[in-house]
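Here the structure is laid out as structure tokens; the discussion comes afterwards.
Predicted model, so just to flag it, every value in this text is computed and none were measured. Side chains are part of it too, since the values below use all heavy atoms of this structure and drop only hydrogens, waters and symmetry mates.
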Amino acid sequence: MFLKIIRRSFYNMKDSYLIYILACSFAIGMFSILLSLVDNPRLKSGISSWSASLNNVTLGFSVLFIFCVFVYMGFVGGFFIKQQTHEFKTFEKFGMSRWTIIVIGFIQTVVVQLISWLIGIIIALIFQKFFGMLLLYLMGVKTGFLFRFTGNTFSMLWQICLYSTIVFSIMNSFRVQKLLRKNKDKSKRLPKWYIRLLGGILGILLFFSGIVVTVILFGDIKNNNQTAAIVELSFLFVAYLAGTYLMYYGFLPSFLTILQHTKGIAYTGINIFSFKYFKERLMRNVSILWFITELSSLALILLSVCYFGYKSVYTNYTYAHPFELTANQNTVKPIKKYLKENNAKITRSYKTNVKTTVVQRGSNNEILPGTFISYSDYQKLPKSNVARNPQITKNEFLVLDYGYVPSFASDKSNTAVVKVKNARIIKTNKIGSAFPYGSTMYQGLMIVAPDKYYQKLKPEVKNTFYGWFFKSGDSLTHKQYEKLNKQEYTSGVQIKKAADLADTKLTTDTNRRNVSGTTVYMDSNFSRQKNAKSQVDQISGFGIFIVAMFSVSLLIALGSVLTLRLLLRDDSEWKQLKTLNKIGVSKSEIKEIVKKETIYSFVIPIIFAVMQSYIVMALIARYPRTTMLRPFILINLGYIALYGIIGFVTYLISWRSVNQKLT
């Protein structure tokens, strides 16, 4: 008898259970794939940083992922129990004991959970290699991926499956018991319109105060004011969450009430009774719409911030290391010899003379080396290098300050006053950070000077920088690299300070010894960015893979929550639809109700989620050179397309279900 009742329940709600099982299976499959990647031997052997840190990060994200999956299962699993309220109470009236009904709810949950886990593990087995290859592609690792599911992974998955199934089944058993205890369905009285309106106004005040505090927070973070930043973050958490909920709570019902009293809307297309039903359905789903909006915003912000972080890391890397291989006059001969021996395919090569003398920074009177390059030689550098810095004329100076962050160029616009030994003072508002030949090739400041100024400058030290690009790598062997590495920091300059800048002396130094009254600055004689670039690519690709998987899974789960909430209508709501049909509302008008409910239920979270994520991204992108508009638009278009597809499918399934009930 149990199996017959359970089979009939599954058949009656087959569309809803199918969506729930597919959503759970997809999430379980993604979790299983993450868990299997942790100990994959090919990742350990092919990626040096995997065993050191990335495997632990993957394990941490898999734990976070399964926690979110459990929250989804626990929350959505209650939808089905609530939908069967009338059915369970009918069983009780016909003489079935409460304990028997509770057992039915328990067995239903066990069956659904076991099916979800079985399909999820099968998905992981099928798609593990695909996602593994995708991870390697994003990380720029050129190696094959080894399919592997260890016995420990299988054992852990089935243990989690068993324990979670028992927990969720017990939870639903308590839900069934709670439903049976209620003898009467007491309809909740909705708050008055003016209370909702006041709540909406308070929500707007909280939301906009959150925006103001966010701007203040960026300033405190920049000034390293940690105490104030922690307080502001706590306030922002409350302001954004409470503000958006109160806006939903206050203005959505008020807006629908205004529409209800507008004849041109309430009486056009659907009559006043059907509009009232439509309004009440949306008002009951306010909490769910808010919940989905906030988590959708979180997913969009995670994706956007991940892309922003990737671009920032990669851009800062290319600012500091513009060439694949660089050298100076101390290492150029052996490097050229090695390149010739290995038949390295050089696509472009550069050579630039530089002069080094003593300079004094005007902002803090610090005395340090200043390396000068002529404007003509600067213009001959790769366009990608020159384009990252502000444009200058032939009569202007460009100060490239070591450690300078490009996002804050406007904050340093009038502080670039540099005193130069035996030369005139440099006053300029042009500051950059894209270092010619790399930031490690010199210490102190790099200054692009007009040709006449450069020719008249009398340096203490002269040097020549070399840079190369290659078709497929520099082809240096490990042995050659080790020989060069011994010469990396064997030369530099030494400054012996004096009371006057003109008496300060700068000399070459190869001993790295700090003598009393002197400061030693060691330069890199060569820089090879193959290893560093691969690490940057690997970490960036790994971040994109993890965050994209987490965010896309979250968006799909949230879309399924909306779908299930629309499909699993309460028994009283089915009666309202039948009543509307009996009093003269045609099926086409009821179909219009279903369509409008689906559209509003999906469009409202989309609008609010995009607005919130845009505000956060706009605040991040308020600094110069932080271009986030294009990737933000692409990410949000993908989000809208995904929810549009889910919404369209929801409408088709929902109307089919309603039509079956009416006939």
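In this view, K483 and Y338, K479 satisfy the side chain to side chain contact (heavy atoms under 4.5 Å, CB included) rule, not counting sequence neighbours. Partners of F31 under the ring pair (Phe, Tyr, Trp, His ring centres under 6.0 Å) rule, at least two apart in sequence or in another chain, do not exist in this structure. Not counting sequence neighbours, the partners of Y639 by the ring pair (Phe, Tyr, Trp, His ring centres under 6.0 Å) test are Y643. For F542, the ring pair (Phe, Tyr, Trp, His ring centres under 6.0 Å) test picks out W50, with sequence neighbours left out. Checked against ring pair (Phe, Tyr, Trp, His ring centres under 6.0 Å), Y137 has no partners two or more places apart in sequence or in another chain. For D377, the side chain to side chain contact (heavy atoms under 4.5 Å, CB included) test picks out T352, I373, S374, K380, with sequence neighbours left out.
Side-chain contact check for W468 versus K336: some heavy-atom pair is nearer than 4.5 Å. Between F469 and S349, the closest side-chain pair of non-hydrogen atoms is not below 4.5 Å. N353 is not listed as a side-chain neighbour of F372, based on a closest heavy-atom distance of 4.5 Å or more. Between T371 and L445 there is no side-chain heavy-atom pair separated by less than 4.5 Å.
Y466 OH to I335 CD1: the interatomic distance, rounded to the nearest 0.5 Å, is 10.5 Å. Rounding to the nearest 0.5 Å gives a distance of 11.5 Å between OG of S527 and CG of L484. L37 contributes atom CG, which lies 11.5 Å from atom CG of L54 (distance to the nearest 0.5 angstrom). From I544, atom CD1 reaches atom CG of L135 across 11.0 Å, with rounding to the nearest 0.5 Å. I606 CD1 to S297 OG: the interatomic distance, rounded to the nearest 0.5 Å, is 11.5 Å. M522 contributes atom CE, which lies 10.5 Å from atom CD of Q494 (distance to the nearest 0.5 angstrom).
Using modelled atom types, no side-chain atom of N328 and backbone atom of T464 make a donor-acceptor pair closer than 3.5 Å. Side-chain atoms of S439 never come within 3.5 Å of backbone atoms of F435 as a donor-acceptor pair (strictly under, hydrogens ignored). Although no hydrogens or angles enter the test, the distance criterion places no donor-acceptor pair under 3.5 Å between the side chain of N342 and the main chain of A344. The closest donor-acceptor contact from the side chain of T347 to the backbone of K471 lies at 3.5 Å or more, if one exists at all. Of the possible polar contacts, one joining the E396 side chain to the T393 backbone as a donor-acceptor pair under 3.5 Å is found. At least one donor-acceptor pair under 3.5 Å links the side chain of K421 to the backbone N or O of T504. Listed for the Q480 side chain is a donor-acceptor partner under 3.5 Å among the backbone atoms of T477.
The pair K394-D451 does not meet the salt-bridge criterion, since no charged nitrogen lies less than 4.0 angstrom from a carboxylate oxygen. Between E460 and K355 no salt bridge is recorded (no basic side-chain N to carboxylate O distance below 4.0 Å).
Remark: Q391 CD is loosely packed, at most 12 non-hydrogen atoms of other residues, nucleotides or ligands lying under 6.0 Å away.
Heavy atoms only, all atoms of each residue included: S296 and A609 are closest at CB-CB, 3.9 Å.
For the 3.5 Å distance criterion, the side chains of T490 and N525 qualify, holding a donor opposite an acceptor. Using modelled atom types and a 3.5 Å distance limit, the side chains of Q487 and T331 yield no donor-acceptor pair.
For the pair R424 and Y453, the cation-pi test (distance below 6.0 Å, angle within 45°) is failed.
Only one option out of I367, I425, I426 pairs with K419 in a side-chain contact (heavy atoms from CB on, under 4.5 Å); it is I425.
Ring centers of Y375 and Y454: at least 6.0 Å apart, outside the cut-off.
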